Enquirer: 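Questions regarding the structure given below will be posed in turn.
The model shown is predicted, which means the values in this text are computed figures rather than measured ones. Per chain, numbering begins at 1; letters A, B, ... match sequence-line order.
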Amino acid sequence: MIVKNEIEEILKNAFVKSGFDKDLVLCSYSSRPESCDYQCNSAFAVSKKYNINPKIVAETIIKNIESDDYEFLFSAPAFINIKINNNKLTMLANSINSSPSLLVEQTKTPQKILLDYGGANIAKELHIGHLRSPLIGESINRLLKLVGNTCVSDSHLGDWGLQMGTTIAQLEEDGYLDYYFGKSKVKKDITLESLNEEYPKGSKRIKVDEAFKDKVDSYTLLLQQKASPYYEIFKEIREISVKTISKNYAKLNCFFTYFYGESDADPYIERTVNIFKEKGLTRISEGALVVDVVREDDTEPMPPAILKKHNGGDLYATTDLATILLRNETEKPDTIIYVVDKRQELHFKQVFRAAKLSGISPANQKLVHIAYGTMNGTDGKPFKTRSGETIKLEDIISMLTTKAKEKLSQNGIENDDKLALQIGVASMKFGDLSNTYDKDYVFNIDKFCSFEGKTGPYLQYTSARIKSLLSKAEDKYDKIEITTNDERNIILCLLKLLDSYEFASKDYSLNTVCLAVYNLASSYATFYNNFKILTCEDSKKRKSALALSSLTLKAISQALDVLAIDIPDRM
RNA sequence: GCGCCAGUAGCUCAGUUGGAUAGAGCACCGCCCUUCUAAGGCGGGGGUCAGGAGUUCGAAUCUCUCCUGGCGCACCA
């Protein structure tokens, strides 16, 4: 926070000179942009502490200010309004412009961070419910890297639980697995379509058909014991699924360092369970092996974590704990971040507590659950189509692409599939990421497909216009000079955007980055509309405007890179 | 029942440790393309921040209360 920190230093000196406690100094962004750029409201706190009239406090502070770069003004009853002068803004603009990283503040404590994208289930195709985890995860990954951390990511596929037993049992009953079970010499291919049909079918049945549920339980257990042919079938399903998942996630610019799943933790499960047993942390409850994680001060229900089912099978908590052990023996991350929807909050509380109790996660390792909200329909429940189906991710992507193509066609750009995908995906991603991640929000297909106003395509459009402008310019440009209000606004928005990375990396609030980059683009659009750059006859002004445009483009590009949104050359 | 979260413009959402006149986008109305991409810019209308009480110089923000909705509460993930 370049400017804010500097203003606070100036204020602290003035506080000391005035005899006030300098710890009370706080500088914030202006809530009244028409009268100031930054503000300090600390006079009220000082007034209270020393029992002095707040007006006198503010006036005293202002009198003791020493600064050539900023103007400090009194505003009733006791606000201190701060304005940056043009020289300072010019200097800032040029130093940001000459820095490859645009002076984004680097963390003082760089960490190795592992991101866990909380398991797309491999038994079925990706649907709309699988959208937020990779979108949010990918952006957080990029954000944390931008501020100086090292990150690795793991898809952590859901591939070792009941859903696998269910799928295999249902496939078997419908004759897909005759070859594996020796009933046929001909191998029937398992396809994505068959998985889409068979898993939901079996999933419904286990709730009503007890015999089938018993079969599913036993198949799940057999798989977890890597028995034949269950393990071979699992491998085939997994391969088909991973292929599709990675393809679709790549379309969204989401990538993983590792395509691991729960099953990859299997070799660590026995040791994990033994660690708990040896430390005396386990007990048998209703036939299951459990770990108590409740604390005296808990106000919410806190059931024990289950390590082994009554039949010896493994559960979600088991594989998650074994996965932590695996990671601490391979990657040794300082922090593990789970990007998983908030309905699983209790599960992660249990796992985190159990991991700390057992020492599987060292005391200084940070375990974080980014508990994002669900996308709801207008009925307030997780989004379903009118017929009650979930929408496939692939269908959403094609819907977005079609809409983008129509729009491109109006602008005379035909048959550019790649561009249409970039625009469509930008709309969806920005629409999602500009919400606060932890709240549920209403999924609106029109909003996801909209290209006007505060959207991803607006940012792409602004960037494409700058690119086009710069390519037409015949001047060489480097020095920026800030003189007008429009130019001032651009730099002020830029400063806020650069600050937003620090803010966002502390609490994972990508929406602040979204808002800040939109405001930057918007302030540039105003400038662009009011000032015809290429035809300006004053060459100094023209060159400065070009340099300012170039800086704006760099800053928008940096932000969109964090959001994993592509910038096209034209649209 | 217990617990967690939410309720802000017609709609979808922001609102940084409590600050000045509560913002944005969409939708609606009006203006701006003989000049760099109109997916744009400028202006306008639109609010009991769910209701009530309290703390404070000051509350959308903190406390209490109440209403409504969502989610979670051991062998699913």
Enquirer: Is B:C42 syn or is it anti, if syn means the base angle is within 90 degrees of 0?
Expert: anti
Enquirer: Is it true that A:K405 and A:E414 make a salt bridge, defined as a side-chain N closer than 4.0 Å to a carboxylate O?
Expert: no
Enquirer: Just N and O in the side chain of A:N376: are any of them under 4.0 Å from OP1 or OP2 of B:C71?
Expert: no
Enquirer: Would you mind telling me which of A:T436, A:T374, A:D432, A:N376 makes a side-chain hydrogen bond (donor to acceptor under 3.5 Å, both in side chains) with A:Y441?
Expert: A:D432
Enquirer: State whether A:K12 and A:E8 are salt-bridged, where the test is any N-O pair (Lys NZ or Arg NE/NH1/NH2 against Asp/Glu carboxylate O) under 4.0 Å.
Expert: no
Enquirer: At under 4.0 Å between heavy atoms, what does A:I445 touch on the DNA or RNA strands: base, sugar-phosphate, or nothing?
Expert: nothing
Enquirer: Less than 4.0 angstrom between a side-chain N/O of A:K439 and OP1 or OP2 of B:G7, yes or no?
Expert: yes
Enquirer: Reading RNA chain B 5' to 3', what string of ( ), [ ], | and . shows its pairs, if Watson-Crick and G-U wobble pairs count only when both distances fall under 3.5 Å?
Expert: (((((((..((((.....[...)))).(((((.......)))))......((((..]....)))).)))))))....
Enquirer: Check the interface with nucleotides 56-65 of chain B: list each N/O to N/O pair with the protein under 3.5 Å, or write none.
Expert:
none

Enquirer: Have a look at A:Q460 and say if it touches a base, only the backbone sugar-phosphate, or nothing, with a 4.0 Å heavy-atom cut-off.
Expert: nothing
Enquirer: Using only side-chain N and O atoms of A:T436, determine if any of them is under 4.0 Å from OP1 or OP2 of B:A14.
Expert: yes
Enquirer: Using the rule for Phe, Tyr, His and the six-membered ring of Trp, do A:F79 and B:G19 stack at under 5.5 Å and under 30°?
Expert: no
Enquirer: Does OP1 or OP2 of B:G41 have a side-chain N or O of A:Y458 closer than 4.0 Å?
Expert: yes
Enquirer: Determine: side-chain N/O of A:S509 to OP1/OP2 of B:U16, distance under 4.0 Å, yes or no.
Expert: no
Enquirer: I want to check something: taking the side chain as every heavy atom from C-beta on, are A:S263 and A:F234 in contact at a cut-off of under 4.5 Å?
Expert: yes
Enquirer: By the 4.0 Å heavy-atom rule, please label A:N81 as base, sugar-phosphate, or nothing.
Expert: base
Enquirer: Which pairs, protein N/O on one side and nucleotides 35-37 of chain B N/O on the other, fall under 3.5 Å?
Expert:
from  : atom 1 : to     : atom 2 : distance (Å)
B:C36 : O3'    : A:K472 : NZ     : 3.1
B:C36 : O2     : A:I533 : N      : 3.4
B:C36 : O2     : A:L534 : N      : 2.9
B:C36 : N3     : A:I533 : N      : 3.0
B:C36 : N4     : A:Y528 : O      : 2.2
B:C36 : N4     : A:F531 : O      : 2.7
B:U37 : OP1    : A:S468 : OG     : 3.0
B:U37 : OP2    : A:K472 : NZ     : 2.5
B:U37 : O2'    : A:Y461 : OH     : 2.5
B:U37 : O2     : A:M571 : O      : 3.3
B:U37 : N3     : A:M571 : O      : 3.1
B:U37 : O4     : A:D569 : O      : 3.4
B:U37 : O4     : A:M571 : N      : 3.3

Enquirer: Nearest 0.5 Å please: distance from the CG atom of A:L157 over to the OG atom of A:S155.
Expert: 3.5 Å
